[in-house]
Each structure stands twice: as C-alpha cells, then as structure tokens.
Protein chains: 2
Amino acid sequence: MSKPKPQAQQSRASETRKRTRIQQEKEDLILEAALDVFANHGFRGATIDQIADQAGLSKPNLLYYFKSKETIHRQLLDRLLDNWLQPLRELKADGDPVSEIKSYIRRKLELARDYPRESRLFANEILQGAPRIDEELSDLKVLVDEKAKIIRSWSEAGYLKKFDPHHMFFAIWATTQHYADFDAQVQVVLGNVGQGDGRFEDAARFLDQLFVEGLAP
Amino acid sequence: MSKPKPQAQQSRASETRKRTRIQQEKEDLILEAALDVFANHGFRGATIDQIADQAGLSKPNLLYYFKSKETIHRQLLDRLLDNWLQPLRELKADGDPVSEIKSYIRRKLELARDYPRESRLFANEILQGAPRIDEELSDLKVLVDEKAKIIRSWSEAGYLKKFDPHHMFFAIWATTQHYADFDAQVQVVLGNVGQGDGRFEDAARFLDQLFVEGLAP
DNA sequence: GTAATCTTTTACCGACTGGTAAATTTTATT
DNA sequence: AATAAAATTTACCAGTCGGTAAAAGATTAC
C-alpha cells in the first residue's frame with residue numbers, strides 16, 4: 001500500500017491559505033486545458049505554452065497557479081485514478097456473478113465513452129513505463145487481487161467457468177479502453193457509418209455477448 | 001486505397017546509388033536504436049541525440065544516414081505495419097472458422113510477445129491521433145472489411161454466433177496488444193509470480209477460452 | 001598509389017522549452 | 001479611499017532541440 005498521498009505541491013497561490021474564488025476558477029480552467037493537451041500529446045509532447053494558450057492565460061500566469069508542468073500532470077493523474085477504479089470497487093461479492101461482471105463491463109465502457117481524455121492520459125503514462133505512477137499502481141494491485149479472489153470463488157462455486165481472473169480483468173480493461181485509446185483507428189475502420197452513439201451500443205452488445213458466453217458456464 | 005508508397009526519402013548516402021556495406025549496417029543499427037527509443041518515449045519524447053547515443057554514433061553522423069527524425073520514424077512505421085497485418089492476411093475463408101480465429105489470436109499474441117516495441121510504437125502513434133499514418137490506416141480498413149465479410153459469412157452459415165465482426169477484431173487487437181502496450185501495468189498486477197513465458201501461456205489459454213466459447217455457437 | 005567517393009568529426013545555429021524576476025495591475029478588506 | 005494581498009504582464013534566461021556547414025579522415029575503384 002502507498003503513503004497517504006502528499007498534497008500535490010502547487011505554487012505560492014495555494015501554499016498554505018485557503019483558495020480564493022479566482023484560484024478555484026483558474027486552477028480548474030488550467031486542469032481542464034492540461035487534460036486536453038496531455039491526452040493528445042503525452043507528457044513530453046505537451047508544452048506549458050500550449051496549455052496556457054488553451055486556458056487563455058499567459059505562461060507565467062499559469063505557473064503562478066502550478067509550479068511546474070509535472071505538478072499539473074500529477075494532479076490530473078491523482079484525480080483520474082480515483083475515478084477510474086470506482087467501477088472495480090463496486091464489484092460486490094454478494095451480487096449475481098454474471099450481472100456483476102456485466103455491470104462492470106458496462107461501467108468501464110461508459111467511462112471510455114464519457115472520459116476518453118482521461119483514458120488516453122492513463123494509457124500514455126503506462127505506455128511510457130508508468131514512471132510517475134508506480135505508487136498508485138501498487139494500490140491497484142491490492143484492489144485487483146481482492147476482486148480476483150471474489151471471481152475465483154464464483155468460479156469454484158460453479159457460477160462461472162474456470163479461468164484466471166487476472167487475465168479476465170486485463171481483457172475487460174483492454175476491450176473497453178480500446179474505444180477511447182485507439183479511437184483514431186476505430187473511426188477509420190468503422191468508417192463514417194454509425195458515427196454517433198450507435199457505435200458504443202454496438203460495442204456494448206458485442207462485449208456483453210463475448211464475456212457472458214465466454215465466462216458463464 | 002493509398003498511393004504505391006513513395007520510397008522514404010533518406011539522406012545523401014542513399015539518394016540514388018545502391019547502398020554500400022557500411023550504409024546497410026549503420027542504417028539497420030540506427031533503426032534498431034530508434035525503435036527502442038521511439039517505443040519507450042513516443043515521437044515527441046524521443047530525441048535524435050538519444051537515438052544516436054544508443055546506436056553509438058554522433059548526431060551529425062546519424063543525420064548523414066537519415067535526413068530527419070521524422071524520416072526514421074516513418075520508415076519504422078512502414079516496416080512495422082506490413083508485418084503487423086500479416087496474421088490478418090492469413091485468415092482464410094476456406095479454413096475452419098474456429099481454428100482460423102484461434103490461429104489469428106495466437107499469432108497476434110505471439111507478435112505482442114516477440115515484438116512489444118513495435119506494438120508500442122504503433123500504439124503511441126494511434127494514441128496521438130495517428131497523424132503520420134492516416135494513409136496506411138485506410139489500407140487497413142480495406143483489409144479488415146474484406147475479412148469481416150468472411151467472418152459474417154461464417155456467422156450466417158451457422159459456424160459462429162451472430163455478432164458484428166468489426167468489434168470482434170477490435171476485441172482481439174485490444175486483448176492481445178494489451179500485453180505489450182500495458183506491460184508496465186500487467187507486471188505490477190501479476191506481481192513477480194510467473195514472470196517468464198508462463199504469463200503468455202496463461203494469457204493464451206484465457207483468450208482461447210474467452211473467444212472460442214464467446215464466439216462459437 | 002592515387003583519385004574519387006564515402007564516412008565521420010568539429011563547430012555551430014536558430015527555434016523552442018521549462019521556468020524565473022520583478023514590476024504592474026487588479027481585487028478584496030477595512 | 002487607502003492599503004494590503006492577489007493576480008497578471010513584461011522581459012528575460014539557460015538548457016535542449018532538430019538540423020547544417022565544412023573540413024578531416026577512411027574506403028573503394030582503378
């Protein structure tokens with residue numbers, strides 16, 4: 001388990017005292033802009049100027065609120081990971097196995113649809129070897145091990161086929177996040193047909209079928 | 001369909017005449033080093049100095065063989081995509097449906113195991129919106145549409161369940177490439193147990209089960 | 001062996017990057 | 001209205017980046 005998360009160090013503006021109205025607004029504005037830029041260009045590919053532009057601020061003004069590029073990035077990741085793991089936390093041992101897994105897949109797919117930038121931010125970080133989130137990943141491991149135990153108990157009780165639960169989680173993560181992370185490829189391959197929400201409904205239908213028939217006995 | 005691929009423009013060394021022995025050796029050396037660096041840091045995150053260092057050359061010497069960073073990157077992508085699509089090309093309409101799909105999954109997983117850097121190079125490019133490979137992606141679409149037709153005909157003949165073949169391909173790509181692209185996460189979640197090839201055998205077993213039981217009628 | 005070609009090194013450049021100092025302007029408090 | 005604090009701008013800097021010029025050194029062809 002990791003340390004109780006040291007408050008992300010920001011700039012003078014919010015060091016000790018409570019935030020002013022302007023601080024609240026501008027910090028949110030910056031994080032929103034930064035999410036966009038980091039998700040589309042990666043940490044190294046993003047520049048402070050770009051983020052500042054998109055937020056409608058000057059670079060030094062932005063650095064008045066966050067003392068460095070890395071501070072912004074880290075705060076985004078911290079916020080993200082908490083939300084990202086929520087669906088997994090909600091997987092309950094006392095539910096119906098197939099329903100629980102179906103709900104989990106559905107929730108993950110909704111995250112990919114509604115928060116694609118967060119998904120790509122995370123994907124970028126993992127792709128580069130997760131240099132800035134090793135700590136959070138070990139929290140993830142604890143949670144996954146716990147939930148894997150539940151899945152395995154369902155398996156052994158005959159509610160599911162026999163399989164390695166960890167690889168089931170990998171498969172669910174991969175298939176759902178694929179629609180956010182590889183959107184550029186998905187769009188080309190599917191063409192312009194069904195560009196709207198239909199796409200996600202099709203994906204949901206397919207994944208439901210795949211995992212239910214693939215995992216239920 | 002795309003144009004007949006203009007020969008990637010390189011530097012003086014290989015503009016018109018045929019390659020010398022040294023050119024062959026050094027170009028391979030550079031591409032090997034560049035693959036490593038690009039895969040781990042993305043296009044923007046990679047620097048020519050880094051690639052040159054890893055290849056044991058000076059920066060100007062490297063630029064004698066490839067006229068720009070982008071030229072190297074493009075040549076890597078060109079080589080990659082051809083190999084990457086091979087397993088899909090080998091999916092034959094006159095084979096046994098379930099065996100064909102099983103073989104395809106197996107081959108894709110082997111690629112992820114044996115060529116993880118290539119997988120990450122590709123993933124990086126798609127994640128950033130595929131700015132440098134839109135042309136190749138439309139070739140991919142043609143191929144996928146063709147193979148999707150085969151899958152659909154198998155479906156309609158009763159050899160497979162009814163489902164959208166495109167989403168099946170997405171699921172196969174996502175689950176197999178996940179082991180290369182998200183390796184950092186996979187390693188943490190699985191822990192140190194079974195660090196060797198066992199991991200890939202476990203993955204193969206799980207994916208076989210998932211897709212066969214999920215797709216066969 | 002020598003001339004022509006290919007390869008490598010040295011020295012550099014202009015653009016961009018993350019970040020800072022300090023002065024100025026705006027906002028909140030009284 | 002005065003003043004203290006907060007917010008913003010202007011001007012800047014040192015390091016890194018991709019890339020080039022030109023000369024020196026090594027190979028090859030004859």
Side-chain angles (χ1 to χ4, degrees), chain A residues 8-31 33-34 36-38 40-76 124 128 131-132, chain B residues 8-31 33-34 36-38 40-76 124 128 131-132:
Chain A
Q9 45 184 334
Q10 297 176 13
S11 194
R12 283 144 289 181
S14 51
E15 249 167 14
T16 49
R17 297 161 183 77
K18 56 183 95 162
R19 313 174 131 63
T20 66
R21 172 185 56 87
I22 293 182
Q23 271 165 41
Q24 277 283 14
E25 290 172 9
K26 291 294 163 72
E27 281 170 18
D28 288 353
L29 196 69
I30 291 167
L31 288 173
D36 227 71
V37 176
F38 280 131
N40 286 324
H41 302 282
F43 180 77
R44 193 91 193 309
T47 71
I48 299 186
D49 284 287
Q50 226 175 330
I51 298 170
D53 268 8
Q54 192 144 335
L57 300 175
S58 67
K59 180 166 62 173
N61 196 184
L62 180 149
L63 286 165
Y64 170 74
Y65 291 102
F66 294 89
K67 69 169 226 183
S68 74
K69 180 179 168 182
E70 202 160 339
T71 307
I72 308 176
H73 191 252
R74 166 150 292 274
Q75 196 159 115
L76 281 174
N124 258 307
Q128 324 281 305
R132 285 170 279 269
Chain B
Q9 44 184 332
Q10 296 176 15
S11 196
R12 282 144 292 182
S14 50
E15 248 170 13
T16 50
R17 296 160 184 77
K18 54 183 95 161
R19 315 174 130 61
T20 67
R21 173 183 55 87
I22 294 182
Q23 272 166 40
Q24 276 284 14
E25 290 172 10
K26 292 292 165 71
E27 281 171 18
D28 288 353
L29 196 69
I30 291 167
L31 287 172
D36 228 68
V37 177
F38 280 131
N40 286 325
H41 302 281
F43 180 77
R44 191 89 195 307
T47 71
I48 299 186
D49 284 287
Q50 225 176 331
I51 298 170
D53 268 7
Q54 193 145 332
L57 301 175
S58 67
K59 179 167 61 173
N61 196 184
L62 180 148
L63 286 166
Y64 170 74
Y65 292 102
F66 293 88
K67 70 169 226 183
S68 75
K69 182 180 168 183
E70 203 160 338
T71 307
I72 308 175
H73 191 252
R74 167 150 289 274
Q75 195 159 116
L76 281 174
N124 258 307
Q128 324 283 303
R132 284 170 280 268

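Note that this is a predicted model, so its numbers are computed, not measured. Each chain gets a letter, A, B and so on, in the order its sequence line appears, and its residues count up from 1.
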Measuring only between side-chain heavy atoms, which start at C-beta, is [X] closer than 4.5 Å to [Y]?
X	Y	result
B:E27	B:I30	no
A:K26	A:Y64	no
B:Q50	B:H41	yes
B:R44	A:T47	yes

When you measure from the side-chain N and O atoms of [X] to the phosphate of [N], is any distance below 4.0 Å, counting only OP1 and OP2?
X	N	value
A:N61	D:dT9	yes
B:K59	D:dT20	no
B:Q23	C:dT7	yes
B:R44	D:dG18	no
A:S58	D:dT8	no
A:Y64	D:dT8	no
B:Y65	C:dT8	yes

Interatomic distance, [X] [atom1] vs [N] [atom2] [rounded to whole Å]:
X	N	atom1	atom2	result
B:L63	D:dA21	CG	C1'	13 Å
B:E25	D:dT27	CD	P	12 Å
A:L57	D:dT10	CG	P	14 Å
A:Q24	D:dA6	CD	P	15 Å
B:K26	C:dT7	NZ	C1'	8 Å
A:H41	C:dG18	NE2	P	12 Å
B:L62	D:dG19	CG	P	10 Å
A:D53	C:dT17	CG	C1'	14 Å

Testing D:dG19, C:dT20, D:dC17 for proximity to the side chain of B:D49, the answer is D:dC17

What contact category does B:A52 fall into here, base, sugar-phosphate, or nothing, at under 4.0 angstrom with non-hydrogen atoms? nothing

Whether A:F38 and A:F43 hold their rings parallel, tilted or perpendicular, with breakpoints at 30° and 60°: parallel

query: Does any donor-acceptor pair link the side chain of B:K67 with the base of D:dG19 at a separation under 3.5 Å?
result: no

